[in-house]
There are 2 protein chains.
Amino acid sequence: MLQPAEIDTSEALTERQQAVLDAALRLLVEEGDNLTMTAVARRASCSKETLYKWFGDRDGLLTATVQWQASKVRVAAVDRDTLDLGSLTASLERFASDWLKVISSDTSIALNRVAVGHAGSGKDDLGAVVLQNGRFALARRLKPVLEAGRQAGLLEFDDAETAFRTFFGLVGRDVQIRLLLGDRVELTEATIGGDARRATQQFLALFGAKNRP
Amino acid sequence: MLQPAEIDTSEALTERQQAVLDAALRLLVEEGDNLTMTAVARRASCSKETLYKWFGDRDGLLTATVQWQASKVRVAAVDRDTLDLGSLTASLERFASDWLKVISSDTSIALNRVAVGHAGSGKDDLGAVVLQNGRFALARRLKPVLEAGRQAGLLEFDDAETAFRTFFGLVGRDVQIRLLLGDRVELTEATIGGDARRATQQFLALFGAKNRP
DNA sequence: CAAGAGGCGTACCGTACGTTACGGTTCGGC
DNA sequence: GCCGAACCGTAACGTACGGTACGCCTCTTG
């Protein structure tokens with residue numbers, strides 16, 4: 001397991017700095033890891049000296065960019081006052097659909113690509129950041145729902161982590177690795193919805209309580 | 001979908017050339033994508049000129065290395081003369097276990113990392129090569145087993161591709177992306193075996209025929 | 001043994017890019 | 001209106017690395 005790498009999203013970012021990071025982000029999506037500091041400066045209409053003053057060096061800029069994007073995708077957790085099979089199903093489908101939308105987005109693909117590329121040559125911890133705000137953030141948001149489902153007698157499982165990982169696998173399947181490797185998987189709004197429903201039904205078939213309350 | 005990118009594994013590789021590629025492979029595992037031609041030459045005890053003569057340029061060397069590794073992991077397909085639930089289960093577990101072993105190996109992680117890094121900046125087609133010899137090769141080997149299971153009345157599904165992708169998801173779950181991003185997932189022989197059994201049971205629960213023959 | 005090919009080691013070139021330095025401009029505060 | 005700080009644009013520096021050239025060695029072939 002990696003370090004918590006807790007992100008304090010605020011960190012006092014100026015409007016201007018956020019704009020610069022947005023520019024860097026757009027450039028990252030277009031150019032991948034071979035963006036240059038000069039290009040970022042030009043795109044953001046700022047000087048390189050400012051970039052170095054604000055972010056230290058190239059790696060600093062990259063991590064700041066990744067964290068900045070991460071701070072934007074924070075999705076609201078689902079409310080669970082009245083929990084019946086219908087609302088549980090809806091929640092799971094919503095999570096699945098949101099997740100598929102995220103991992104198939106241009107920015108997510110670009111960010112994961114550079115993070116994967118940087119992992120191993122342990123210069124920075126982009127991988128940890130992406131992991132924390134991707135896979136682990138999803139787990140943190142979904143597990144309460146699973147626990148609530150178990151409390152309500154709708155789900156049966158021993159370990160929430162294992163249940164979550166199964167759901168994760170049923171939803172994502174081969175999509176993320178294929179996208180990262182450059183395969184153009186067709187993911188329209190419709191197929192995402194269908195996949196979300198299918199994954200949810202499969203999950204319920206595996207972990208749904210046999211005798212409902 | 002990417003181009004077929006059919007690999008002719010032989011391509012007349014000299015013993016010496018294979019040795020050079022092995023050196024490059026080892027270096028790739030150690031250094032990641034920032035290996036230099038000089039380092040490869042030194043490690044392989046050959047001159048850079050030879051590298052360029054044999055492989056054209058850096059990308060050529062990389063693709064040759066990836067293909068060379070790919071040509072080594074070709075796993076034998078399972079025989080299926082007597083197909084009952086026991087042998088089908090064993091086959092599936094074996095596939096799952098082999099697959100987990102592959103994706104958690106150092107070389108696979110390194111290769112996937114550089115392929116992911118290169119995808120998008122469409123210089124070469126490392127992503128296609130890795131995909132063909134990874135995810136798609138697995139599908140080609142596993143689908144006949146699934147079809148045979150259906151023929152024998154042990155499995156029920158409409159689309160073999162969909163069934164395969166579900167199996168893929170149940171086996172891999174979050175393992176590959178976590179490994180690629182640098183998370184140190186604990187994957188001992190024992191846990192791999194357990195995961196393979198669990199995934200297989202879940203798959204059978206979802207796609208096993210209700211009334212066995 | 002002579003000739004030539006293939007290959008090793010190394011020096012070298014060109015370039016791209018990270019990083020730094022500097023002059024000019026805007027802008028808020030006195 | 002003046003001062004200093006922040007910042008823009010750009011030029012300059014240093015280095016790392018992809019790619020090439022060349023001299024020397026070794027081994028095969030006639």
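Chain A is the first sequence line, chain B the second, and so forth, proteins listed ahead of strands; every chain is numbered from 1.
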Practice item. Mark yes when over 12 heavy atoms from residues, nucleotides or ligands other than A:Asn34 sit less than 6.0 Å from its CG; otherwise mark no. Key: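 Count over threshold, so yes.
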
Exercise for review: Ignoring the backbone of A:Met37, work out which of C:dT19, D:dA21, D:dG19 is nearest its side chain.
Suggested key: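 Closest of the options to the side chain of A:Met37: C:dT19.
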
**Study point:** Nearest-nucleotide pick for B:Arg58, side chain only, options being D:dG18, C:dA21, C:dT19
**Key:**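 Selected nucleotide (nearest to the side chain): D:dG18.
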
Separation of atom [atom1] in [X] from atom [atom2] in [N], rounded to whole Å:
X	N	atom1	atom2	value
B:Arg42	C:dC8	CZ	P	15 Å
A:Leu51	D:dC8	CG	P	9 Å
A:Glu15	D:dC7	CD	P	14 Å

Review point. Of all heavy-atom pairs between A:Ala139 and A:Pro144, which one has the smallest distance, and what is that distance?
Key: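 Reported closest heavy-atom pair: O-CD, 4.4 Å.
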
Practice item. May I ask you to verify if any side-chain N or O of A:Trp54 is less than 4.0 angstrom from the OP1 or OP2 atom of D:dA6? Key: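 Result: no.
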
Review point. Taking only N and O in the side chain of B:Arg16, is any of them less than 4.0 Å away from OP1 or OP2 of C:dC8?
Key: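 The answer is yes; a side-chain N or O of B:Arg16 sits under 4.0 Å from OP1 or OP2.
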
**Study point:** Aromatic plane relationship, A:Trp99 with A:Phe168 - under 30° parallel, 30 to 60° tilted, over 60° perpendicular
**Key:**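 Rings of A:Phe168 and A:Trp99: tilted, as their planes differ by 30° to 60°.
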
Review point. Just checking B:Leu35: base, sugar-phosphate only, or nothing, at a heavy-atom cut-off of under 4.0 Å?
Key: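 Result for B:Leu35 = sugar-phosphate.
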
**Study point:** Side chain A:Lys48 and base C:dT19 donor-acceptor under 3.5 Å
**Key:**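 Between C:dT19 and A:Lys48, which were checked side chain against base, a qualifying N/O pair under 3.5 Å is present.
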
Practice item. Return the 5'-most residue of the pair A:Asp59, B:Ser47 with respect to DNA chain C, ranking by each residue's nearest nucleotide. Key: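 Closest to the 5' end, via its nearest nucleotide, is B:Ser47.
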
Practice item. Verify, without hydrogens or angle tests, whether B:Thr166 (side chain) and B:Thr162 (backbone) share a donor-acceptor contact under 3.5 angstrom. Key: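 Flag set: sc B:Thr166 to bb B:Thr162 pair under 3.5 Å.
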
